[in-house]
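Have a look at the structure below, then the notes.
Numbers for residues simply follow the sequence, beginning at 1.
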Amino acid sequence: MDSYQFGNGLRRGARYDSIFYGAFAGKNATFDIRVRFDLKKKIDLKKFQKAADNALACYPEFQVRPVIKDGRVLYEENKRPVRLYPDNGASLRFGTEGETGTNGYPFVFLYGERHVTFSLFHGLTDARGMIAYMISTLWNYVCSVFPPVRLAGTKMFTKHGIRISPAPFYEMGETERYDPLTAFASNDKPITMLDPAELFALPPEDYDPEDLSCRLINLEISNDAFLKRTKELCTSFAPLLAAITGEAIMTAYDVGNKVVSVSITADPRRQFGTFSLGNMAFNCPLPMTKADLALSQKALCERLRADMQRQITKENAQAHYRLILSQCDEIDAMGDIIAVNKLITENNAAHLSTDATAFLTYPGRVANNPISRVLLSGVTPGMLAVERGVVVYAHRDSLIVQITQKGDDLTLANAMERTLQKYGFAPKKQDMGRVTQNVLELEKLKRVD
């Protein structure tokens, strides 16, 4: 394959970009993933700016501005400072400049007096890449506001691919660092867990498509209590979260004989031994039926865990990558990316999967390190997308189960609350209200010759 570098500071992106920019960009469809960090002390914007800029230098693949050339999205080298913007509910435009722009980057930091939210267009990276850059930024920041923390060292997170220098980036070849699906795809067929014709789909949401916001509802429970429950059931977090989500759906909606599929997000980087931060996550559906409600929770979790482990393998990830790349080929064959995006999003054809009733994202625990102990009082997820989903973050003894949706119908959130209560978790509900999305509009991007 030819070099990814085109000269003049331009490079092509990942093949996966065709899906993200083709189907999940635009005013009504942008996939804006977020994480909010609540701080113990008032934010020092000057020090945070320096921390974010220095961290970005360790992630050259993120130092870019998306641009349009010959009907395709490319990346242009971007050396501008990272954008920090007041968290005032404004809708910003990823990849653009100006007052409502993001200094060209496909991400932005939104700040309040004691919090900072990282908002990212999913086309750049997945949750793993987002968290890696944020940890590097927070490490730089905590070292600047509390220098003794440096004595703790960085091995605790560099061993997981978090960077304090760009060296890991340059240790990879171009395809692996920029386009991991192309690097790792096989010609095998992915594991099939259910017939899409048997899938139960949640009722369509009622919302104003011109409303650039999502409704977020947090259900906070004890992380220690949840961990204790997983040990009692001989399971892990994802299967138990999936079982609770599936039960909530089946008790709230008339699913009939259909299959309820809670799709978890798998990160196979460990199986590949790579620290690439291109989009690599893939979906692993965990199917359930109403008959499963007669099972004990332990038996259901045992089966769901087996289904999960069957799918989270190097071979299945490689097969999924080939399937995703074939979908990218189909989008590329449709022509100009702006016209394709308009066609897909205007016809509401953008769906994250054909084998999922609801998506469950659990990036893992964000806690128990010097950054958390010195700097943070809380961590809150945020995934603003075109479909309902459940996002779970753990920080210290706080496990936040967040329901994200476009409309105001709280059926799913209320059902999740009841199901958590049923199993003794005593959730504290907090309606976060409507959160304005930031948007990537292809028409607004810079055009280059």
Nearest non-hydrogen partners of [X] and [Y], listed with the distance:
X	Y	answer
Ile33	Ala127	CD1-N, 4.2 Å
Ala57	Pro166	O-CB, 3.7 Å
Arg34	Ser119	NE-OG, 3.5 Å
Leu181	Met280	CD1-CA, 4.1 Å
Gly407	Tyr207	CA-CB, 4.0 Å
Asn279	Pro180	O-CG, 4.0 Å

Just by distance, do the side chain of [X] and the backbone of [Y] share a donor-acceptor pair under 3.5 Å?
X	Y	value
Ser261	Pro287	no
Arg83	Phe107	no
Ser326	Leu323	yes
Asp126	Ala281	yes
Asp292	Met288	no
Arg322	Ser186	yes
Gln49	Val82	yes
Asn103	Tyr105	no

Could you work out, with side chain to side chain contact (heavy atoms under 4.5 Å, CB included) as the rule, every residue matching [X], not counting sequence neighbours?
X	result
Asp267	Arg128, Arg269
Asn316	Pro190, Ile191, Phe282, Gln311, Thr313, His320
Thr361	Thr265, Pro363, Met383, Val391

Just verifying a value: how many Å separate [X] [atom1] and [Y] [atom2], rounded to the nearest 0.5 Å?
X	Y	atom1	atom2	result
Leu304	Ile264	CG	CD1	9.0 Å
Leu384	His122	CG	NE2	12.0 Å
Leu442	Asn341	CG	CG	4.5 Å
Cys58	Asn140	SG	CG	7.0 Å
Gln437	Phe31	CD	CZ	10.0 Å
Ser398	Asp38	OG	CG	10.0 Å

May I ask you to say whether [X] pairs ionically with [Y], meaning some side-chain N is under 4.0 Å from a carboxylate O?
X	Y	value
Glu77	Arg11	no
Glu198	Lys258	no
Glu387	Lys406	no
Glu61	Arg177	no
Arg15	Asp17	no
Glu210	Lys27	yes

Is the number of heavy atoms from other residues, nucleotides or ligands under 6.0 Å of [X] [atom1] greater than 12?
X	atom1	answer
Asp195	CG	yes
Asp208	CG	yes
Asp254	CG	no
Lys50	NZ	no
Asn257	CG	no

- Message: Test side-chain contact (heavy atoms from CB on, under 4.5 Å) on Val255 and Lys290; report intermediate values, then the result.
- Response: CA-CA 8 Å; Val255 303; Lys290 289 204 76 171; 3.2 Å; yes
Find out whether [X] and [Y] are in side-chain contact, i.e. whether some heavy atom of one side chain is under 4.5 Å from a heavy atom of the other.
X	Y	result
Glu247	Val260	no
Leu325	Thr182	yes
Val439	Asp32	no
Asn438	Thr30	no
Ile324	Ile19	yes
Val435	Ser213	no
Val448	Ile68	no
Met416	Ile403	yes

- Task: Go through Leu39 and Leu376 one step at a time and tell me if the side-chain contact (heavy atoms from CB on, under 4.5 Å) criterion holds.
- Result: CA-CA 5 Å; Leu39 308 176; Leu376 305 179; 3.8 Å; yes
- Parallel under 30°, tilted from 30 to 60°, perpendicular over 60°: which one fits the rings of Phe121 and Phe94? tilted
- Message: By the ring pair (Phe, Tyr, Trp, His ring centres under 6.0 Å) test, which pairs, at least two apart or in different chains, include something from residues 162-188?
- Response: Tyr4-Tyr178, Phe169-Tyr178, Phe184-Phe272
- Item | Sequence neighbours excluded - ring pair (Phe, Tyr, Trp, His ring centres under 6.0 Å) pairs with any residue from residues 59-80 | Tyr59-Phe62, Tyr59-Tyr133
- Task: Run the numbers on Asp336 and Arg72 for salt bridge (Lys or Arg N to Asp or Glu O under 4.0 Å), then give the verdict.
- Result: CA-CA 7 Å; Asp336 181 277; Arg72 291 285 182 265; over 6 Å; no
- Message: Tell me every residue that passes side-chain hydrogen bond (donor to acceptor under 3.5 Å, both in side chains) with Thr274, counting only those two or more places apart in sequence or in another chain.
- Response: Glu176
- Task: Could you check Arg388 against Leu202 for side-chain contact (heavy atoms from CB on, under 4.5 Å), going step by step and ending with a plain yes or no?
- Result: CA-CA 9 Å; Arg388 276 161 291 191; Leu202 292 172; 3.4 Å; yes
- Taking Tyr141 as the fixed residue, which of Tyr111, Phe48, Phe37 is the one that meets the ring-ring contact (aromatic ring centres under 6.0 Å, His included) rule? Phe48
- Task: Go through the steps for Phe109 and Tyr85 under the test ring pair (Phe, Tyr, Trp, His ring centres under 6.0 Å), then give the verdict.
- Result: CA-CA 6 Å; Phe109 288 94; Tyr85 194 88; over 10 Å; no
- Task: Verify whether one side chain among Gln402 and Thr380 offers a donor that lies under 3.5 Å from an acceptor in the other.
- Result: no
